[in-house]
Amino acid sequence: PKKRLDHTPRLRALPHHHKFKTNRAPHPQKAPNVTFIINLFLLLYNKHEKKGLKQMKRVITYGTFDLLHYGHINLLKRAKALGDYLIVVVSSDEFNWNEKQKKCYFTYEQRKALVEAVRYVDLVIPETSWEQKRTDVHEYHVDTFVMGDDWKGKFDFLKEEGVEVVYLPRTPEISTTQIKNDLNKK
């Protein structure tokens with residue numbers, strides 16, 4: 001046999017019955033419950049508090065996040081700065097249409113993917129009702145509830161649940177409504 005001059009490995013054909021491993025998601029019925037995993041993580045993390053480590057501060061915010069823009073990014077960045085773990089609740093398509101009479105350009109799944117790609121965001125969950133906020137702050141052990149100041153006073157009832165409520169100033173020169181209006185003028 002001739003000696004190979006290069007050191008690249010030889011390629012050989014795989015038998016026809018060889019099965020490739022894939023990175024497919026697990027079967028939906030066998031997929032772990034996201035809430036269970038988060039609560040388990042939080043429980044384990046908070047056990048360390050007793051050993052003198054600081055408690056994780058959890059922040060939650062809500063929005064439609066259609067036509068994601070730098071105003072949204074500013075809000076998410078400032079919300080994350082208020083804690084260690086940022087949960088973003090994105091309005092579902094049904095909730096937007098039935099409750100807000102809003103038609104989104106992007107579907108819920110597309111908007112969720114966009115928000116998940118933002119580095120300040122740790123978890124994205126769907127918003128399906130107005131009443132959900134009260135249960136979310138308990139289910140996800142939230143310390144701080146954040147909204148834009150255009151909602152000022154609307155969610156103060158969450159203070160009764162032991163949650164700090166913060167209204168952050170909007171980025172003045174940008175909004176999804178403004179983008180849609182500007183595009184309609186052209």
Side-chain angles (χ1 to χ4, degrees), residues 32-96 99-100 102 104 106 108-177:
N33 181 326
V34 173
T35 303
F36 171 77
I37 291 172
I38 291 166
N39 286 332
L40 179 62
F41 169 77
L42 296 173
L43 176 71
L44 293 173
Y45 184 90
N46 288 331
K47 275 188 175 182
H48 294 290
E49 291 173 32
K50 296 173 184 154
K51 297 178 183 174
L53 296 175
K54 84 171 194 169
Q55 181 180 1
M56 181 192 303
K57 190 168 182 189
R58 293 168 287 279
V59 179
I60 196 165
T61 191
Y62 291 72
T64 303
F65 300 99
D66 195 22
L67 303 181
L68 191 68
H69 54 73
Y70 67 89
H72 291 130
I73 304 302
N74 285 341
L75 176 80
L76 297 172
K77 182 179 182 179
R78 290 180 292 160
K80 177 66 175 222
L82 296 172
D84 306 301
Y85 191 85
L86 179 59
I87 302 162
V88 179
V89 188
V90 175
S91 302
S92 69
D93 295 330
E94 296 79 15
F95 179 67
N96 274 327
E99 298 296 326
K100 299 179 180 180
K102 272 187 181 179
C104 290
F106 292 112
Y108 166 76
E109 289 300 326
Q110 292 168 324
R111 291 180 287 120
K112 179 182 185 228
L114 287 166
V115 173
E116 284 175 333
V118 177
R119 69 176 167 179
Y120 310 112
V121 177
D122 296 296
L123 176 67
V124 177
I125 60 173
E127 180 179 24
T128 57
S129 73
W130 291 111
E131 299 76 28
Q132 177 180 341
K133 291 169 181 65
R134 195 179 298 270
T135 56
D136 284 349
V137 297
H138 293 292
E139 186 173 344
Y140 295 98
H141 309 283
V142 171
D143 301 293
T144 306
F145 176 92
V146 175
M147 288 298 281
D149 62 1
D150 52 328
W151 290 93
K152 195 163 187 94
K154 300 278 190 211
F155 301 107
D156 288 349
F157 66 90
L158 292 171
K159 293 176 183 176
E160 299 166 11
E161 306 298 322
V163 176
E164 176 187 18
V165 178
V166 176
Y167 299 100
L168 295 175
R170 294 175 57 94
T171 305
E173 68 277 6
I174 189 74
S175 74
T176 301
T177 303

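- Note that OH of Tyr70 is 12.0 Å distant from CD1 of Ile73, once rounded to the nearest 0.5 Å.
- A distance of 7.5 Å separates OG1 of Thr171 from CG of Leu75, quoted to the nearest 0.5 Å.
- The side-chain heavy atoms of Leu168 and Val146, taken from C-beta on, include a pair separated by under 4.5 Å.
- Remark: Glu94 engages no residue in a side-chain hydrogen bond (donor to acceptor under 3.5 Å, both in side chains) (not counting sequence neighbours).
- Scanning for ring-ring contact (aromatic ring centres under 6.0 Å, His included) contacts around Tyr167 gives an empty result, with sequence neighbours left out.
- The existence of a salt bridge linking Asp122 and Arg58 is excluded, since no basic side-chain nitrogen approaches an acidic carboxylate oxygen closer than 4.0 Å.
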Next item on the list: I would like to know whether Val90 and Thr64 meet side-chain contact (heavy atoms from CB on, under 4.5 Å); could you show each step before the answer?
Entry: CA-CA 5 Å; Val90 175; Thr64 303; over 6 Å; no
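- The pair Asp66-Lys102 does not meet the salt-bridge criterion, since no charged nitrogen lies less than 4.0 angstrom from a carboxylate oxygen.
- With sequence neighbours left out, the side chain to side chain contact (heavy atoms under 4.5 Å, CB included) criterion links Lys77 to Tyr120.
- In terms of the salt bridge (Lys or Arg N to Asp or Glu O under 4.0 Å) criterion, Asp149 has no residue partners (sequence neighbours excluded).
- A distance of 9.5 Å separates CG of Asp156 from CZ of Phe145, quoted to the nearest 0.5 Å.
- Annotation: side chain to side chain contact (heavy atoms under 4.5 Å, CB included) contacts of Asp136 (sequence neighbours excluded): Ile60, Tyr62, Val89, Ile125, Gln132, Tyr140.
- For the pair Lys133 and Glu127, the salt-bridge criterion is met [side-chain N within less than 4.0 Å of a carboxylate O].
- Taking the six-membered ring where the residue is Trp, His72 and Phe65 present tilted rings, their angle falling between 30° and 60°.
- Counting only heavy atoms from C-beta outward, the side chains of Lys112 and Phe106 never approach each other to under 4.5 Å.
- Distance CG/Leu158 to NE2/His138: 8.5 Å, rounded to 0.5 Å.
- Of the candidates Val142, Asp143, Val165, Val142 is the only one forming a side-chain contact (heavy atoms from CB on, under 4.5 Å) with Val137.
- Leu68 contributes atom CG, which lies 12.5 Å from atom CD of Gln110 (distance to the nearest 0.5 angstrom).
- For the pair Glu164 and Lys57, the salt-bridge criterion is met [side-chain N within less than 4.0 Å of a carboxylate O].
- Annotation: side chain of Asp93 is in contact with side chain of Arg111 (closest heavy-atom distance under 4.5 Å).
- In terms of the side-chain hydrogen bond (donor to acceptor under 3.5 Å, both in side chains) criterion, Ser92 has no residue partners (sequence neighbours excluded).
- Counted within 6.0 Å of NZ on Lys154, heavy atoms from surrounding residues, nucleotides or ligands total 12 or fewer; the atom is thus considered open.
- Going from atom CZ of Phe157 over to atom CD of Glu161 covers 8.0 Å, rounded to the nearest 0.5 Å.
- Counting heavy atoms from C-beta on, the side chains of Glu99 and Ser129 never come closer than 4.5 Å.
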